[in-house]
Each structure stands twice: as C-alpha cells, then as structure tokens.
Amino acid sequence: MKTYTLAALLASVALPGMAMAEELEVTHWWTSGGEAAAVAEFAKAFDATGNKWVDGAIAGGGDTARPVMISRITGGDPMGATQFNHGQQALELVEAGLMLDLTEIAERDHWRDFIYPPSLLDSCTVDGRIYCVPVNIHSPEWLWLSNKAYADAGIPVPTNWSEFVASAPALEAAGKLPLALGNQPWQSNLAFGAIAVAIGGLDLWKSINIDKNMEAAAGPEMLKVFEAAAEARALAANSTVQDWNQATNLVLTGEAGGQIMGDWAQGEFSIAGKVAGVDYTCLPGLGVNEYISTGGDAFYFPKLDDPAKEAAQLELASVMISQQAQVAFNLKKGSLPIRGDIDLSAANDCMKKGLEILAAGNVVPSGDQVWSPDTQTQVEDLMVEFFKSPDMTPADAQARWVEILSANI
Amino acid sequence: MAQNGQPNRLFRNLNAKLAAVPMVLTTLVVFVGGTLWTVLYSFTNSKLLPRETFVGFDQYARLWSNSRWLTSIENLLIFGVCSLIFTLVIGFLLAVLLDQKIRFEDTFRTIMLYPFALSFIVTGLVWQWILNPDFGIQSVVRNLGWTSFTFNPLNDQSIVIYGLLIAGLWQGTGFVMCLMLAGLRGIDEDIWKASRVDGIPAWKTYLFIVIPMMRPVFITTLVIIAAGIVKLYDLVVAQTSGGPGNSSQVPAMYVYDYMFQAQNLGQGFAASSMMLLSVLIVLIPWAYLEFGGKKHG
C-alpha cells in the first residue's frame, strides 16, 4: 500500500513534465454569457496549438477575483496565466519578480509595431521589460440613451451632454427618470470620470492625471466639471437601483432617459435584441469631446519554474495577441481590439464609433493606468459620497479630491 | 492508585493535555501570532505585499481623518447600541412569553429561531427586497389604498442604518430568545413558589429576582451579540453594499476594501487593529466580571 502511494505520488510529480501537451490554468473574471463566449475563443485557439487551456473563471467580478488571484500568486500556488486590468494592479507582483518576462517574444514578434494605441504596451512595461499581453480595450466614457423614453416625452433624442441636461424637465414631466445610476461606488466614479473628460477636455485631464498638476486640479476649469457632476447628481436623485445592469435595464425599457456606462453596456442591449440607432443611442465622450480612455484587460503570466510550462505560457501569449484570436475574441466581447491592423467589419454601429475614435487617436489613458489602486479607491469613496449627498457642494468635493490626489503623487 | 502521595500536577490527565497541544499551538501561532503580526505591520507603508518600512502612526492618522472610516464608526455605534438593547429586550420578552407554559411552545420556538438558520447574505437580500419601495412594504401598503405612504429606508442616507438594524434584529432575536429561555428554565421552581406564597406580582419577580439570578446568561449573551456587532460585514454587503453614498459603511468593509481592492495592506491593518481594540474594550470588562469576580464570591 505504501509503495503504491509513493509510486502514485512520484508519477503525479513526474508525469506533467514528460507529457508533450502542457496544461495551463488561466484565471479570469469573465462569467456573463457574452464574456464566457469570448474567452472560449482564446481557449479554442490555444488548444489548437496542442496545449490545453484549463479554465479558471472566478465569479463575482474583478473586485472579488483579484484578491483570489493575488493570494494564489503570493501564496506559492500560481496559475499559468491570469487576467488583470492593465495598469498598476499587478505592478507590485511584477516588482517582486513573480511574473514572467515577455520581452523576448515581444521583440521577436514586433509587438510594438502593431499594438495600438502604444500606451497599452507602456502599461505592461516595467523598467523597460514587458510583462503582460493587452487583449482588449474597454472605455467607460459613453452615454447610453433610450429612444423610447424620448419618444414618450415627445422630444428629440439629445446629441450631447448639455442637451441631455436641458431635456431632463420634459422627461420628468413624462414620469421618467432622467439619469439612471446604480448605487455601487464604482459607478459614481465612472460617471465622474466620463464627465471630467467630456466637460474638462483632454488637456486639463492630461495635466492633472499625467503631469499631476495640482494647481489645475484645484482650478476653476475643474470646478466646472464638479458643477456638471452636481447636475448629473440632481438628475439621478431618484435612481434606486444597485447594479449597473439594473440601471441599464431602466434605459432599455424606456423608464430612464440615459445612463453613463462603459461600452460593456452594449452587451445588455444586444442580448435584449435592441438595435443601435433605432432603440438606443450611444454618445461616446458624452457627445461633447469624443475621447475614449483605453482601459481594458491584460494577461499576466506568473513564473512557474518549469521550462516546458514556460514555453506553453509564451505560446499562449502569442496566441492571445494574434490577429485571428483578437478578431474572434473582441467581436464576442463587444470590446475594441488592441491591434490597429485588423478588420472588424462585423462590428455594430456603436463599436464602429469607438473604432473611429480610436483610429483618429483621440484616446486618454484610463485611471488604472495613471493612479494606484489605493488612490482609485479613495477617489471612489469620495465620488459615491458626492453623488449621494445633495448637500455636498462642488467646491467642497473638489477640495477633498485635490487633497487625495496630492497625498498620492 | 497513586501510592507515593500527590502525583505531579503536570502529568495529571496527560492524555488530555497531549490532545490539547495542537489546538494550543494553533491558537498561539495562528491567532495570537497573526494578531501581533498584523498590529506590527500596521505601522508600515505596506501596499500589495508586506514591507518593513516603518512610518509610525501615519496609517492611523490617515485612518482617523478619513470621512468614510468616521461614518463607519458612527454607524457601528448606532447599530451596536440599538441592536444590543433591542435584541436583549425583545429576546427576553419573547422568552418570558414562551415560558408561560403555552401550547405549541416547540412550534413557536422553531418559528422564532428559524431566521437564525439563514446566513446574513440571505437575510440581507431578503430585506433588500422587502424594503425596496417598488416591490416591498411601501408598494403593498400603497396598493391597499394609502397612496401617500412612504417607507424607503434603504435609499435615505439618514435612516439607512435602521433598515439594516431591522434585518439584524429579525435575524438575531430568536437566538437570544433561546438563550434567555434556557436561562429561565434554569431558575428553580421553588423560587417561583416562594414568591407566589409571598404574593409578589409576576413582573416584579422577573425584574428583581429572576433577572439578577440570570446574570451569567445575560453576560454570555452580551458578549455574543457584541462580537457579532463588531464583525458586522456580510449583512451590509448583501443589503446595501455600503450605500447610498457611504452612509451605511461599517469598519469591516473598510478593512476588506483597503486590504484587497485598494492594495494598501498598511491602511487595512491599521483599521483592523482599531477593530481589535474595540473588541478588547468589550472583552476585558467581561473577562473581569466573569473570572475576576468569582475569586471574591
């Protein structure tokens, strides 16, 4: 009995090393219908190379999944590959030497020549070395409008933010909620971010978030942004839903005029069989400044100390960035591809708008790319308080915002 | 069997002592060790990974100037005091009512205890729907004809904490009732007979004789309720996720969010050390009352 156990143990240690096809566990938080279909495209492409994709989906969204992933990597039980949002979320893991260096294959395959916008690759770069593969772009700066709600109120669908604000009394008179906003903190933060780029403009945004110019952050231009956010707060005062998709549902059914939400909201509209331009309207950059930020997802490969597995990891990295996988994945996901050299003619109207903006180079880095998660959480705390406290003045909120940012430069 | 007088105290019940070693080690290493480690690292500027760069009381200074933390503490105090008083009073009253030798006592006890079998997550979700203005109590009453009736605690910053309190009481009172009932059953029948002979009214007997005799039960219940209050987390996550705004945040949520979401271990450790302190403030007087008092008595 004992020898048998020993033999089994030895076999379990030795066999994976001898096998030709490598199994790689890939963890991610894509669990909704469209997301799972998209990630299956990666799995299919990776299995075609003779290796095996072991799916490690973690339910509950990024905030739930990231602690699990991080504790597995730091706790000595690393997976083959794992999703993070590109930016600073995995920075410390990279600095601690826990992630595989992808620089060699990135140079071999000339990633820098086709990854567009190049800032995506920059967020994967630490001290000149590349540690992750960006796989898609998700931008949060979209205003989704319900054509039905405006038809019921008897007014035309707005084409930009100020028209939207002006149309609110007519919507309210028709018994509609002007702006749907979920109660979860990140949604208030997302709305603020979208308003900041739209109202404040790109130059102001860049000088505050990239050059960390705190005078600009405390200045009158930024105060206008906070005042616009206060207007949005008044429009969303009667919104009582929790989750983002419940808020999207209000827009879908015509009970609410609009919602500020990322391009992932498109999935909800398409599942419900709604058509862009007919049932709903999308305004990137709130229809004011057509900029989108290049947040999104990237894959990191924890070090495994096994040459065979390492080869499989590098292979997976090349698969994810390949043209075929990028097209198949992003069409299912509803996100924009990270390559400038592929054809997405099957994309719908809203996605095409996004692609045009991307092609024109009107992009800003996402908050994840320029601020640490610590700062992001503090700003999120502030924004949700601001959006839910009608008696907090824009000037007060601005002062506290500047305080948080200046403490974290 | 011992022939040479008193056996060595150390070797008495040797088997039992050996069996306890793993648990003692676990307690020392995991609980005490982990606690000390956490307190030590709360003085560092650890981010995602623990780092030994000491920054003194910086994390605590930041903690106590953070409005979300202050709201959390205030909420915990309101929730704590109200839930302590109401669970004890309602629990005791229910136990007294059940103790009147009524019919179907078992059935009632099961019904009262049933909510305790549900997790806080389920409780939170159930009450989120019950208190939802479009589906819950408000809409039911409005459909009955009172169209101006408004009861929407979960979306009103100033009273959202009482919405949580209702759910917490619903869940916890049955358990306190059972503890109290056990205490009441522990009172000697003769005491009741004696008070009846003396013509003392029942409410006076309860107030001045039975309750003082139930002191140990009350203290144990108090500690169980207090510990439950300090670690309040899942109920809030399920029912309001801290909203609207930050108005129903609690300290445990702050700890989790800063340790894992904000990747700022130092800040999370500082907050959890403050929670430890508040638990100690509850536990030490209790330990004093329970164990310190006995030596004199």
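Per chain, numbering begins at 1; letters A, B, ... match sequence-line order.
Rounded to the nearest 0.5 Å, atoms CD (A/Glu380) and CG (B/Asn246) are 10.0 Å apart.
The number of heavy-atom neighbours closer than 6.0 Å to CG of B/Asp156, taken from other residues, nucleotides and ligands shown, is above 12. No more than 12 heavy atoms of other residues, nucleotides or ligands shown are found within 6.0 angstrom of OH on B/Tyr114. The number of heavy-atom neighbours closer than 6.0 Å to CG of A/Asp77, taken from other residues, nucleotides and ligands shown, is above 12. Counting heavy-atom neighbours within 6.0 Å of A/Asp305 CG, excluding the residue itself, gives a total of 12 or less. Summarising the local packing, OH of B/Tyr233 is surrounded by more than 12 heavy atoms from other residues, nucleotides or ligands at distances under 6.0 Å. Residue B/Tyr256 places its OH atom among more than 12 non-hydrogen atoms of other residues, nucleotides or ligands, all under 6.0 Å distant. Within a 6.0 Å radius of CH2 in B/Trp37, other residues, nucleotides and ligands contribute more than 12 heavy atoms. The number of heavy atoms from other shown groups lying within 6.0 Å of CZ (B/Phe57) does not exceed 12.
With a threshold of 4.5 angstrom between heavy atoms, B/Gln128 approaches chain A through side-chain atoms but not through N, CA, C or O. The contact between A/Glu385 and chain B is made by backbone and side chain atoms together, counting heavy-atom distances below 4.5 Å.
Between A/Asn183 and B/Asn155 the shortest side-chain heavy-atom distance falls below 4.5 Å.
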- [ ] Determine, stepwise, if the pair A/Ser372 / B/Gln263 fulfils side-chain contact (heavy atoms from CB on, under 4.5 Å).
- [x] CA-CA 9 Å; A/Ser372 73; B/Gln263 302 184 353; over 6 Å; no
Task: From CA spacing to verdict: side-chain contact (heavy atoms from CB on, under 4.5 Å), A/Glu92, B/Arg51 - done: CA-CA 11 Å; A/Glu92 277 198 53; B/Arg51 268 196 304 232; 4.3 Å; yes
Open item on the list: Using side-chain contact (heavy atoms from CB on, under 4.5 Å), reason through B/Gln267 and A/Gln378 one step at a time and then give a plain yes or no.
Closed with: CA-CA 12 Å; B/Gln267 182 67 195; A/Gln378 288 180 72; over 6 Å; no
- [ ] Decide yes or no on side-chain contact (heavy atoms from CB on, under 4.5 Å) for B/Gln157 and A/Lys388, but give the supporting numbers first.
- [x] CA-CA 8 Å; B/Gln157 296 218 11; A/Lys388 297 289 168 183; 3.3 Å; yes
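Most heavy-atom pairs under 4.5 Å with chain A, from the set B/Asn152, B/Thr71, B/Asp134, B/Thr240: that is B/Thr240. Highest contact tally toward chain B, considering only A/Ile404, A/Thr64, A/Thr377, is held by A/Thr377 [criterion: heavy-atom pairs under 4.5 Å]. Chain B forms the most heavy-atom pairs under 4.5 Å with one residue out of A/Arg66, A/Arg400, A/Met383, and that residue is A/Arg400.
In summary, of the residues considered (A/Thr74, A/Asp374, A/Leu93), a side chain to side chain contact (heavy atoms under 4.5 Å, CB included) with B/Leu48 occurs for A/Leu93 alone.
Side chain to side chain, A/Asp381 and B/Tyr254 fail the donor-acceptor criterion of an N or O pair below 3.5 Å.
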